[in-house]
Amino acid sequence: MRTSQYLLATLRDDPSDAEIISHKLMLRAGLIRKLASGLYNWLPSGLKVLKKVEAIVRDEMEKAGAIECLMPFVQPAELWEESGRWGKFGDELLRIQDRHQRSFCLGPTHEEIITDLIRGELRSYKQLPITLFQIQSKFRDETRPRFGVMRAREFLMKDAYSFHITEASLQQTYHIMFKAYCNIFERLGLHYRPVIADTGSIGGSCSHEFHVLAESGEDAIAFSDSSDYAANIEKAEALAPSHERAQPSQSLQKISTPNAHSIEDVANLLKVEQQQIAKTLVVYAADDNNQINGLVALVLPGHHELNEIKVSHLPHVFSPMTMASEEDIRQAINCGPGSIGPVNLNIPVYVDRSAAVMSDFVCGANTDGYHLTGVNWERDCPLGNVVDLRQVVAGDPSPDGQGLLEIKRGIEVGHIFQLGTTYSKSMKAVVLDENGKSQTVTMGCYGIGVSRIIAAAIEQNNDANGIIWPEGMAPFQLAIVPINLHKSPRVEETCEKLYQEMKALGIEVILDDRKERAGVMFNDMELLGIPHRIVVSERGLDNNTLEYKGRVDPESSQVSLQEVVAFIQNKIQHK
RNA sequence: CGGGGCGUAGCGCAGCCAGGUAGCGCACAUGCUCGGGGUGCAUGUGGUCGGAGGUUCAAAUCCUCUCGCCCCGACCA
């Protein structure tokens, strides 16, 4: 490619609406342009990168035995009604109607479609297991798209679905996919971690997320400092404290605490540590059908945060966890949300494991403007159901019993699930087993955010000059930068020859033949992150040399004209 | 959806408070200049000031409504 005949589209200034580095660099390097909130045009360089990632993902999926197919972006409502998700999915599902007023949606995922496809094609257990995948656009009407293609509404995803007759077969494929994902992220040169994840609304028994580690990540991940344990913080278990609850040493007292509603207020007023205060939160309870039915209280130490995912999974708690309104709290408890405590509380109580070992603690008195001090479980109020409610924090013991937890941030670029029969059951995907009996197939599903990977890779690999592509992702492998191309026939001739030779060798090369000054060309090529650069100048040609510099090399080096082709080939193959 | 902010040339911004007929830098075009890290000079092109309505002799500026976008939160296979 010659820059004079290409859409380089680099920008000198940071666009004002970009916040994180990958978004800024993707705009500045001319990879993407925003069309509307959460919708992006992929410019030629960006598309080249996207295709690179796609190719690696495709290759590894095929190596893992998955077969590629392609399903429509627009999906009929009927299938979503059949799986029960038409009603459940919420506003993230963009619903549309065709000219006959039939309902469709833009596919946020393809479980319904693949299950429908497969139930029509599969008849026998002998056809299983089978894994199909596609690389297709998805649309999720995110409440808040942000960070460019990191959280876009329309994005490119690889999604795979596996079908099995036995649980063991699902486990096996899940394992193969796990390994394939590791291969993909390794080949992409990303610093990543597989982490134990919550299965969320999709259900299923086992699930892992793959995270690229980056400060700007939207998810928090808990790691053990001395084992392989890693989990999404939503899922990381806070173990029960190892020490026993101390014996009561204080008597129960009711004291006036006017205008002290938050843990911080109470701690300051009474001059006690936050961990000496029991925080009591009230959420909606639910009946067996997850319909809101009354309230339930949650007690945890004042300095800890509630983990909403854990709460949502508790029996008889409305899911998703929803904080009770002040009005409902006053009606049930007769005081405001800042004055609640477990003593004489007339609603069910869940107590966090670490709150269960508190003694002589402070809590709300269930009367506005009053708190209790010297409170002790069992003596002053029953110790309700003791469960894990809180968010883990750095320094907590690792749930696998080895080491302590550290918290880091990550960008979720992949997610694998053992779905079980969630979809196959509701949509009646069955095959005959070896006894000639009809059996519901068991499913797994495996997603990779292809477009998000690009943003994640840039978050992890950049410097003051721009993008530093991991090997295999760069839009071009080699940049040829001539000095005084338009004045020196020698430079022009050398560049032309080198360009043709490189092209013939299948090396993706970009020749900067613009009538620009050297600095401009250097800056653009570095912004775009091209891994290898050759400078052709009169000065070098006088000595029969060209100048080579790798994107991250501190200094450039001289290469003789005769050796340059082999030199570059070697660089590209061995890096 | 709650809170905050922003829409003025392709990009980044000033002007708005104290209304008087739109400006700066970059980019772009032309010429000269420079020629190894975003040269210098000169001359130019480009804007119904997001949109609609209102107040006024006069609105980018004041008022009302509306649309779009960004940030924080909530939300999120």
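A note on names: the letters A, B, ... follow the listed sequences, proteins ahead of strands, and every chain is numbered from 1. Keep in mind that what you see is a predicted model, and the values were worked out from it rather than measured.
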Write down the partner of [N] under the Watson-Crick or G-U wobble criteria, each distance required to be under 3.5 Å.
| N | value |
| --- | --- |
| B/C28 | B/G44 |
| B/U39 | none |
| B/C65 | B/G51 |
| B/G73 | B/C1 |
| B/A60 | none |
| B/A9 | none |

Short side-chain N/O contact to B/A27 OP1/OP2 from A/Arg12, under 4.0 Å: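 Yes, such a contact exists.
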For A/Tyr192 together with A/Phe185, are the ring centres under 6.0 Å from each other?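 Judged by ring-centre distance (under 6.0 Å), A/Phe185 and A/Tyr192 do meet the cut-off.
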Determine, using ring centers only, whether A/Phe476 and A/Tyr6 are less than 6.0 Å apart.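 They qualify: ring centres under 6.0 Å apart.
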Between [atom2] of [N] and [atom1] of [X], the distance in whole Å:
| X | N | atom1 | atom2 | result |
| --- | --- | --- | --- | --- |
| A/Phe89 | B/C76 | CZ | C1' | 9 Å |
| A/Leu11 | B/C26 | CG | P | 16 Å |
| A/Glu19 | B/G5 | CD | P | 16 Å |
| A/Lys515 | B/C32 | NZ | C1' | 12 Å |
| A/Met150 | B/C70 | CE | P | 15 Å |
| A/Leu35 | B/G68 | CG | P | 14 Å |
| A/Tyr548 | B/G36 | OH | P | 22 Å |
| A/Asp524 | B/G36 | CG | C1' | 16 Å |

Roughly how many Å apart are [M] and [N], using the [atom1] atom of each and rounding to a whole number?
| N | M | atom1 | value |
| --- | --- | --- | --- |
| B/U61 | B/C65 | P | 16 Å |
| B/G23 | B/G46 | P | 13 Å |
| B/G47 | B/U8 | C1' | 8 Å |
| B/C17 | B/A59 | C1' | 15 Å |
| B/C13 | B/C57 | C1' | 33 Å |
| B/C75 | B/A18 | P | 42 Å |
| B/G2 | B/U66 | P | 13 Å |
| B/G38 | B/G19 | P | 45 Å |

For [X], answer base if it contacts any base atom (sugar-phosphate contacts may also be present), sugar-phosphate if it contacts only those atoms, and nothing otherwise; contact means non-hydrogen atoms under 4.0 Å.
| X | value |
| --- | --- |
| A/Arg533 | base |
| A/Met157 | base |
| A/Glu234 | nothing |
| A/Glu218 | nothing |

In terms of side-chain heavy atoms of [X], which of [options] is nearest?
| X | options | result |
| --- | --- | --- |
| A/Glu516 | B/C28, B/G37, B/G73 | B/C28 |
| A/Ser37 | B/C69, B/G36, B/U39 | B/C69 |
| A/Arg151 | B/G37, B/C76, B/U39 | B/C76 |
| A/Arg539 | B/G36, B/C75, B/C69 | B/G36 |
| A/Asp17 | B/C26, B/C70, B/G36 | B/C70 |
| A/Glu92 | B/G38, B/C72, B/C76 | B/C76 |
| A/Lys487 | B/G36, B/G35, B/C72 | B/G35 |
| A/Arg144 | B/C11, B/G35, B/G73 | B/G73 |
| A/Phe522 | B/G12, B/C76, B/G36 | B/G36 |
| A/Pro15 | B/C28, B/C72, B/G12 | B/G12 |

For A/His208, which of A/Phe417, A/Phe178, A/Tyr181, A/Tyr446 qualifies under side chain to side chain contact (heavy atoms under 4.5 Å, CB included)?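 By the side chain to side chain contact (heavy atoms under 4.5 Å, CB included) criterion, A/His208 pairs with just one of A/Phe417, A/Phe178, A/Tyr181, A/Tyr446: A/Phe178.
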Should we say atom NE2 of A/His486 is surrounded by more than 12 heavy atoms from elsewhere, each under 6.0 Å from it?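 For A/His486, atom NE2 is crowded (more than 12 foreign heavy atoms under 6.0 Å).
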So, are [X] and [Y] salt-bridged, with charged N and O less than 4.0 Å apart?
| X | Y | value |
| --- | --- | --- |
| A/Glu19 | A/Arg146 | no |
| A/Arg514 | A/Asp524 | yes |
| A/Arg151 | A/Glu142 | yes |

Could you say whether A/His23 or A/Ser16 is positioned toward the 5' end of RNA chain B, judged by the nucleotide with the nearest heavy atom to each?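 It is A/Ser16, whose closest nucleotide lies nearer the 5' terminus.
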Considering heavy-atom distances to RNA chain B, does A/Thr143 or A/Val535 have its closest nucleotide positioned more toward the 5' end?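 The residue whose closest nucleotide sits nearer the 5' end is A/Val535.
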Does any donor atom in the side chain of A/Gln134 or A/His110 lie under 3.5 Å from an acceptor atom in the other side chain?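 Yes.
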Has the side chain of A/Arg28 got a donor or acceptor that lies under 3.5 Å from a partner of the other kind on the base of B/G12?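 Side chain to base: no pair below 3.5 Å.
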